[in-house]
Amino acid sequence: MDSLTYQGNEAPREAVGAALVVHPQFQTGVSTNMRSPEGRLAEAVGLALAIELDIKAAEVVLVKKRRPATLFGQGHVDRLAELVEEQEINVVIVDGHLSPVQQRNLEKAWNAKVIDRTGLILEIFGARARTHEGRLQVELASLTYQRSRLVRSWTHLERQRGGFGFLGGPGESQIEMDRRLIGDRITKLKRELVEVKRTRELHRGARKRVPYPVVALVGYTNAGKSTLFNRLTQSKVFAEDLLFATLDPTMRGVVLPTGKQIILSDTVGFISDLPTQLVAAFRATLEEVLEADVILHVRDRSHPDTEAQKADVELVLTELGLSEIVDRGLTEVWNKIDLMDEEGRADCARTMAEMPDRVLPASAVTGEGVDGILSALDEKLRKQRDVLALHVSPADGKRLAWLYQHGEVLEREDSDEDITLKVGLDPVNRARYEQIFSA
């Protein structure tokens, strides 16, 4: 059998184009990918559905040898061309990397628009970005991607010769002009993103002056981060059963059981083989993770590829410079336990017994385990605090009020001469206390 086929239209809303999804499974050596071909195909279908394509068919195509001209062998190209014509498909998604030449040749052979994995993810990001920063980042990533593919845009001019002699004719001249225009636009976008980054740093500095601890939610796309964020903050951030349902970072205040206030940050979801253009463009957004006091890794434990998704998230965090935190082990929220079978729940219970500080089972949809997450955050932040023994004059109301507002008073003993306190302060507030009340 040379292919594994998936049939059916699963578009959740009104679709905008008939599409075929193809995942090339290469047979060159031992694969290091932890996912099954079917799992990769299902994810590619999910990406296509995220931009409301009408999936007419999808299949895993076994590729014995990469062809420089078309990636696939001629037999597969001809067979898929018949399928494209029969199903009246106008968009073909290839779940892998295509060179500009391969993309052009496949479009000619199939008489349909061809998009590779990078192009598809860029399409999704372009459709979902809402904030000014998000749109800047998507445009920068798209232009960086397109700059290497300008040869496709002006093939009708390449056949024209003359005018410039050995310079190659108007075709090449047009390509060079476009490349310069894109280069100028990229330079401008990078300058604007520097300003956005500066503004974000100012906001971050303002939060430090408040200050409240920041807890960042990270995880694979569609793991349920935004739904959990809404449950914890009582917000209505857009959340849907879609890959990349939300892109722009969102922050909200949350009050923990002890009364301690924190800032919860919902970040963009990660995905395997995330285009390098997007990793670079969204680095400013992900810097919120670098500044977080606590990172919660939200995992979809009901997903068959949950271990592979975990590895992808940890790889991105390591690339961001958080290898030390990853090596120590992140606190994981095992989300969607309402979808687990009895065996999965039993495994969850065993892991919790072995690592009670590392695993927090929950269902963002039903609310099960959410109180446990808040209590665990309280405990984690408490462990990060310094406990100070202080003697405060009863007349020093300003100092007392400050300690109660910014710290956790663990013990208090009053006498006529002074008030003896044991106060828990996080490192930032301890430094502020010493600066304000150093005298």
Side-chain angles (χ1 to χ4, degrees), residues 47 50-51 93 97-100 103-104 113-154 157 172-207 216 218 221 226 237-238 242-251 265-292 315-317 319-322:
L47 288 170
I51 52 173
I93 308 295
H97 174 72
L98 292 175
S99 69
Q103 185 175 355
R104 178 185 60 195
K113 183 176 179 63
V114 175
I115 304 175
D116 66 2
R117 184 180 177 88
T118 298
L120 177 58
I121 294 176
L122 287 170
E123 288 279 349
I124 298 171
F125 274 54
R128 296 285 168 74
R130 292 291 178 267
T131 65
H132 176 60
E133 178 185 6
R135 288 192 291 269
L136 288 176
Q137 290 167 331
V138 170
E139 186 180 354
L140 174 60
S142 298
L143 289 176
T144 305
Y145 174 71
Q146 291 171 14
R147 183 165 55 178
S148 65
R149 295 172 181 262
L150 285 178
V151 64
R152 295 187 59 252
S153 303
W154 299 100
L157 293 178
E172 291 190 18
S173 175
Q174 181 67 63
I175 291 171
E176 291 304 318
M177 286 166 56
D178 275 16
R179 189 170 284 124
R180 279 198 299 274
L181 289 172
I182 288 179
D184 292 343
R185 180 61 180 162
I186 286 174
T187 301
K188 182 180 178 183
L189 287 171
K190 286 181 176 179
R191 283 200 302 266
E192 290 188 46
L193 281 170
V194 168
E195 292 301 316
V196 170
K197 180 178 179 181
R198 188 175 296 121
T199 302
R200 187 180 291 279
E201 288 173 349
L202 291 173
H203 291 168
R204 202 175 288 135
R207 288 197 299 273
V218 301
T221 182
S226 295
V237 171
F238 178 68
L242 284 175
L243 299 177
F244 296 119
T246 181
L247 295 180
D248 299 304
T250 308
M251 310 191 86
S265 173
D266 182 21
T267 59
V268 63
F270 302 156
I271 196 169
S272 64
D273 301 327
L274 188 67
T276 54
Q277 297 94 336
L278 280 175
V279 173
F282 276 80
R283 195 175 188 89
T285 301
L286 296 173
E287 282 176 358
E288 293 293 347
V289 179
L290 299 177
E291 297 291 329
L315 176 62
V316 175
L317 292 175
E319 290 174 351
L320 287 172
L322 296 172

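Scope of the values below: all heavy atoms of this structure, side chains included, with no hydrogens, waters or symmetry mates.
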Report the C-alpha distance between Leu189 and Arg191 in whole Å, list the side-chain angles of each, state the deciding distance to 0.1 Å, and finish with yes or no for side chain to side chain contact (heavy atoms under 4.5 Å, CB included).
-> CA-CA 5 Å; Leu189 287 171; Arg191 283 200 302 266; over 6 Å; no
Residue pair Arg117, Ile271: steps toward the side chain to side chain contact (heavy atoms under 4.5 Å, CB included) verdict | CA-CA 11 Å; Arg117 184 180 177 88; Ile271 196 169; 3.6 Å; yes
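Here Ile186 pairs with Leu140, Leu143, Thr144, Arg147, Ile182, Lys190 under the side chain to side chain contact (heavy atoms under 4.5 Å, CB included) rule; sequence neighbours left out. The side chain to side chain contact (heavy atoms under 4.5 Å, CB included) test applied to Glu195 returns Arg198, not counting sequence neighbours. In this view, Glu139 and Arg185 satisfy the side-chain hydrogen bond (donor to acceptor under 3.5 Å, both in side chains) rule, not counting sequence neighbours.
When the options Leu98, Leu122, Ile121 are evaluated for a side chain to side chain contact (heavy atoms under 4.5 Å, CB included) with Asp116, the one that passes is Leu98.
Looking at Phe270 and Leu317, their side chains come closer than 4.5 Å, going by heavy atoms from C-beta outward.
The distance from atom CD of Glu192 to atom OG1 of Thr187, rounded to the nearest 0.5 Å, is 11.5 Å.
Across all their heavy atoms, Leu47 and Ile124 have their closest contact at O-CD1, 3.3 Å. Of all heavy-atom pairs spanning Ser226 and Asp266, the tightest one is OG-OD2, 2.7 Å.
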